[in-house]
Amino acid sequence: MKYWLMKSEPESYSVDRLAKEGKTFWEGVRNYQARNFMMNEMKKGDKILFYHSNTAEPAVVGLAEVCAEECVPDFTSWDKSSRYYDPKSPKEKPRWFMTEVRFVKKLDKPVTLKDIKNMPGLEGMKLVRKGMRLSVQPVTAEEYAVILEMAGEKA
DNA sequence: GCCAACGTTGGC
DNA sequence: GCCAACGTTGGC
């Protein structure tokens with residue numbers, strides 16, 4: 001099993017919305033590296049840290065799980081009215097794919113970016129590496145465990 | 001294949 | 001709103 005961190009802007013799709021809807025397609029990824037992680041390495045049951053980005057207090061705010069066997073074409077890339085529309089991703093030959101994510105829980109105590117930066121043992125996290133902007137990124141089992149502990153969650 | 005211009009991400 | 005870092009595009 002693998003561990004991941006997935007970013008979402010709360011204005012766009014918040015942890016509360018995921019909690020309400022139960023699960024969601026992870027649409028809108030328009031970066032090859034992030035797409036490849038979803039397509040090639042994510043497996044059903046993988047654990048996800050749900051992260052709020054581009055907000056006053058960026059933080060890991062919830063837990064989720066990959067709930068799809070495999071990726072499907074991201075249909076928002078065909079939708080002209082979508083902000084994710086991409087004319088270079090035709091239906092016959094889709095360029096962008098997405099997985100599906102299931103809500104697990106909201107953290108009572110979100111783990112902020114600031115806390116992560118100050119936490120010994122998390123220096124290597126991709127999240128805190130300069131210039132790392134991937135919206136879907138792998139996390140090690142150790143990093144995942146430390147984050148959970150910081151949140152006061154049992155592993 | 002190089003690289004300048006441009007667009008996006010995301011912390012601050 | 002600023003801006004650094006990075007990715008993509010497209011002319012050559």
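So you know, we letter chains A, B, ... as the sequences are listed, proteins then strands, and number each from 1.
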**Prompt:** Contact class for A/Lys114 (heavy atom, under 4.0 Å): base, sugar-phosphate, or nothing?
**Reply:**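 No contact at all - A/Lys114 keeps every heavy atom at 4.0 Å or more from the nucleic acid.
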**Asked** Do A/Met132 and A/Leu122 belong to the same hydrophobic cluster, where Ile, Leu, Val, Met, Phe, Trp and Tyr are linked whenever their side-chain heavy atoms lie under 4.5 Å apart, directly or via other members?
**Response**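 In one cluster: no.
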**Message:** Are A/Val61 and A/Met150 linked, directly or through intermediate hydrophobic residues, by side-chain heavy-atom contacts shorter than 4.5 Å (ILVMFWY only)?
**Reply:** no
**Asked** What is the ring orientation for A/Phe25 with A/Phe75, classed by angle as parallel under 30°, tilted 30 to 60°, or perpendicular over 60°?
**Response**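 Aromatic pair A/Phe25/A/Phe75 classed perpendicular.
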**Asked** Ring centroid separation for A/Trp4 and A/Phe37, is it under 6.0 angstrom?
**Response** yes
**Message:** Are A/Trp96 and A/Tyr32, when compared by the centres of their aromatic rings, separated by less than 6.0 Å?
**Reply:**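 So the answer is yes for these two rings.
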**Fill in**
DNA chain C: first to last nucleotide in contact with chain A (atom under 4.0 angstrom from a heavy atom), 5' to 3', is C/dA5 to C/dG10
**Item:** Modelled atom types, side-chain donor and acceptor of A/Asp79 and A/Ser81, under 3.5 Å
**Value:**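 The criterion, which ignores hydrogens and geometry beyond distance, is satisfied for A/Ser81 and A/Asp79.
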**Request:** Answer with yes or no whether the side chains of A/Arg30 and A/Thr76 bring together a donor and an acceptor at under 3.5 Å.
**Result:**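 A/Arg30 and A/Thr76 do have a side-chain donor-acceptor pair below 3.5 Å.
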**Message:** To the nearest 10°, give me the bend of the helix from B/dG1-C/dC12 to B/dC12-C/dG1, comparing the axes of its five terminal pairs at either end.
**Reply:** 10°
**Asked** Any donor-acceptor pair under 3.5 Å linking the side chain of A/His52 with the backbone of A/Glu57?
**Response**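 Here the side-chain-to-backbone pair does not exist.
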**Request:** Would you mind telling me which residue lines up with the more 5' stretch of DNA chain C, A/Lys88 or A/Asn54, judged by nearest nucleotide?
**Result:** A/Asn54
